[in-house]
Protein chains: 2
Amino acid sequence: MSATAPLRPRKAQIDRTATALFRAQGFAATSMRELATALGLEAGSLYSHIKSKEEILHRVCFALADSFFAGFAAATQEAAPVAAQLRQAIVAHVRVLTDDSAASAVFLHEWRHLSEPARSEFLALRDRYEGAFRELIARGVAAGELHTPDPAFAALTLLASLNWLPSWYRPEGKLSPDDIAHRLAEQLLSGLVSVTGGNRGVA
Amino acid sequence: MSATAPLRPRKAQIDRTATALFRAQGFAATSMRELATALGLEAGSLYSHIKSKEEILHRVCFALADSFFAGFAAATQEAAPVAAQLRQAIVAHVRVLTDDSAASAVFLHEWRHLSEPARSEFLALRDRYEGAFRELIARGVAAGELHTPDPAFAALTLLASLNWLPSWYRPEGKLSPDDIAHRLAEQLLSGLVSVTGGNRGVA
DNA sequence: ATCGGTTGCTAACAGGTGTTAGCCGGCCTA
DNA sequence: TAGGCCGGCTAACACCTGTTAGCAACCGAT
């Protein structure tokens with residue numbers, strides 16, 4: 001995904017305000033008139049800056065995909081043990097989610113309002129990103145650092161437990177994003193059960 | 001939440017078809033004309049059976065809430081060790097998700113289209129259900145069976161990793177719901193990291 | 001044969017939607 | 001001073017939305 005030119009201030013503001021409304025109400029339930037009102041404009045004025053309602057959604061979703069991939073690449077480029085790379089990948093993912101939780105929520109839940117071919121492209125990107133987690137986990141299993149019977153399953157549930165963050169993360173909460181990231185990594189990698197010699201492996 | 005009378009066949013069919021469409025496209029993006037067409041009717045005909053579009057959503061969301069609570073109650077009514085109760089609660093939750101993944105997806109993502117007061121009631125129910133998991137985990141920590149610095153946080157991420165199931169679970173997949181439930185319970189309770197003496201607690 | 005209930009169709013209602021085109025005012029530059 | 005550009009308003013367009021009311025057909029009971 002190529003980088004895009006920085007958005008002009010009004011266009012960036014339209015994107016931010018639209019993202020907040022799409023997150024709060026859903027793409028389909030948010031009207032252009034409502035968006036315009038939130039910006040102190042009339043709906044017709046929006047089209048001096050954007051091509052269509054769907055263009056906003058497209059930009060938000062693909063920009064977040066860019067961020068996720070960039071974070072993952074940065075987290076896994078060093079030849080560290082796989083478990084350490086996985087921790088870094090978790091941290092990077094959480095950082096993206098918490099940096100812009102509105103856009104993350106839109107990315108996670110509103111993509112289906114994209115039309116073809118963008119929708120298929122988006123799903124292919126998402127598959128590729130999940131596949132990168134899958135591979136990482138599979139390498140960890142092969143290296144004896146991780147254990148799971150099914151890396152694909154583990155990757156999806158791991159991502160699922162991270163992707164909840166936009167729903168309840170608050171910047172003013174007592175945990176910083178990095179605290180959250182490390183806590184999540186610890187919980188997901190080590191599990192909840194306390195290890196007292198012998199209860200591992202109990203059916 | 002009280003049980004309701006069994007729905008008449010056409011009404012039940014409307015609920016099922018609507019749920020499938022709400023899940024695929026979202027509540028707001030699904031029109032009554034589209035629903036009627038899927039049922040072989042005209043939109044006006046729907047109102048012989050239902051009061052409103054939102055009534056369908058209300059019924060689906062609250063019925064699933066009933067199912068979740070019932071499952072949790074059944075899972076935790078015996079005086080078993082807390083970790084075992086948590087496993088049972090996970091299994092019960094997964095059972096509900098996989099029994100009706102369309103309704104589950106609607107429950108998880110479309111509730112915000114409920115109007116007041118139903119919306120607040122729904123959120124209160126959801127809080128109460130999450131609170132039940134929180135309490136269970138807190139009791140497990142107190143009993144030394146579980147470890148987490150934050151039971152609330154652990155409960156949310158645990159539920160998050162379960163709630164992904166409607167997005168990718170397929171009845172024809174090679175894993176049965178119970179297989180999935182036990183695998184998830186194992187993964188979430190035991191973590192992904194392989195335990196070789198000494199790596200537990202590594203920062 | 002008649003009546004009541006159920007169900008579906010049709011047409012309409014009242015309102016909302018995304019988007020376009022023409023116009024206007026302000027600002028900047030030559 | 002004039003012209004060009006930008007951005008916003010307005011009104012309209014073409015279409016869609018959820019829902020209602022009246023009507024008709026069918027079925028079962030009396």
Side-chain angles (χ1 to χ4, degrees), chain A residues 4-62 106 110-119, chain B residues 4-61 106 109-119:
Chain A
T4 57
L7 299 181
R8 299 161 76 88
R10 184 60 123 174
K11 192 167 177 176
Q13 189 189 17
I14 290 172
D15 276 15
R16 281 195 304 278
T17 304
T19 302
L21 290 170
F22 293 166
R23 184 254 194 112
Q25 300 170 310
F27 177 81
T30 300
S31 71
M32 298 299 273
R33 283 164 179 75
E34 183 171 15
L35 172 58
T37 299
L39 288 157
L41 298 173
E42 295 289 339
S45 309
L46 293 169
Y47 296 89
S48 303
H49 304 278
I50 65 168
K51 288 194 184 64
S52 67
K53 185 183 186 188
E54 187 174 331
E55 187 199 50
I56 304 175
L57 179 64
H58 186 283
R59 196 158 41 239
V60 171
C61 289
F62 281 80
V106 171
E110 303 302 326
W111 56 268
R112 64 188 164 181
H113 299 292
L114 291 168
S115 303
E116 293 296 347
R119 181 191 168 119
Chain B
T4 56
L7 298 181
R8 302 159 77 84
R10 183 59 120 176
K11 192 167 177 175
Q13 190 190 15
I14 290 173
D15 278 14
R16 281 197 302 280
T17 304
T19 300
L21 290 171
F22 293 167
R23 185 255 192 109
Q25 301 171 309
F27 178 81
T30 301
S31 69
M32 297 302 270
R33 283 165 179 78
E34 183 172 15
L35 172 58
T37 301
L39 288 157
L41 299 173
E42 295 289 337
S45 307
L46 294 170
Y47 296 87
S48 303
H49 304 278
I50 65 166
K51 289 193 183 61
S52 67
K53 185 184 186 187
E54 187 174 332
E55 188 201 48
I56 303 175
L57 180 64
H58 186 286
R59 198 161 36 243
V60 171
C61 290
V106 170
H109 301 298
E110 303 301 326
W111 54 267
R112 63 190 166 179
H113 299 292
L114 291 168
S115 304
E116 293 297 345
R119 181 191 170 120

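Every chain is numbered from 1, with letters handed out A, B, ... down the list of sequences. Only this structure's heavy atoms are used, side chains among them; waters, hydrogens and symmetry mates stay out. Keep in mind it's a predicted model, so treat the numbers as computed, not measured.
- A side-chain contact (heavy atoms from CB on, under 4.5 Å) with A:Leu46 is found for one member of A:Met32, A:Arg33, A:Lys11 and no other, namely A:Met32.
- Taking the side chain as every heavy atom from C-beta outward, B:Ile50 and B:Arg59 approach each other to under 4.5 Å.
- A:Arg119 pairs by the salt bridge (charged side-chain N to carboxylate O under 4.0 Å, His left out) definition with nothing, not counting sequence neighbours.
- With sequence neighbours excluded, no residue forms a side chain to side chain contact (heavy atoms under 4.5 Å, CB included) with A:Ala20.
- For A:Arg33 against C:dG18, a side-chain-to-base donor-acceptor contact under 3.5 Å is present.
- Direction of the helix axis in the helix from C:dA1-D:dT30 to C:dA30-D:dT1 shifts by 10° between the two five-pair termini, rounded to 10°.
- To the nearest 0.5 angstrom, B:Leu57 atom CG is 8.5 Å from B:Thr19 atom OG1.
- Taking the 5' to 3' direction, DNA chain D first and last meets chain A under 4.0 angstrom from a heavy atom at D:dG7 to D:dA12.
- Looking at residues 38-52 of chain B, you'll see B:Ala43, B:Gly44, B:Tyr47, B:Ser52 sit with a heavy atom under 4.0 Å from some atom of DNA chain D.
- For B:Gln13, the side chain to side chain contact (heavy atoms under 4.5 Å, CB included) partners at least two apart in sequence or on another chain are B:Arg10, B:Arg16, B:Thr17, B:Leu39.
- A heavy atom closer than 4.0 Å to some atom of DNA chain D occurs in no member of residues 111-119 of chain A.
- Applying the side chain to side chain contact (heavy atoms under 4.5 Å, CB included) criterion to A:Thr37, with sequence neighbours excluded, gives no partner residue.
- Listed by chain and residue number, nothing satisfies the salt bridge (charged side-chain N to carboxylate O under 4.0 Å, His left out) test with A:Glu34 (two or more places apart in sequence, or in another chain).
- Counting only residues at least two apart or on different chains, the ring-ring contact (aromatic ring centres under 6.0 Å, His included) pairs with a member in residues 18-38 of chain B are B:Phe22-B:Phe27, B:Phe27-B:His113.
- Among residues at least two apart or in separate chains, ring-ring contact (aromatic ring centres under 6.0 Å, His included) pairs with a member in residues 38-60 of chain A are A:His58-A:Phe62.
- Taking atom NZ of residue B:Lys11 and atom C1' of nucleotide C:dT6, one finds them 14 Å apart after rounding to whole Å.
- Counting heavy atoms from C-beta outward, A:Glu110 and A:Val60 have side chains that stay 4.5 Å or more apart.
- Across every non-hydrogen atom of B:Ala18 and B:Ile56, the tightest pair is CB-CG2, 3.7 Å.
- For A:Ser52, the side chain to side chain contact (heavy atoms under 4.5 Å, CB included) criterion is met by A:Glu54, A:Glu55, not counting sequence neighbours.
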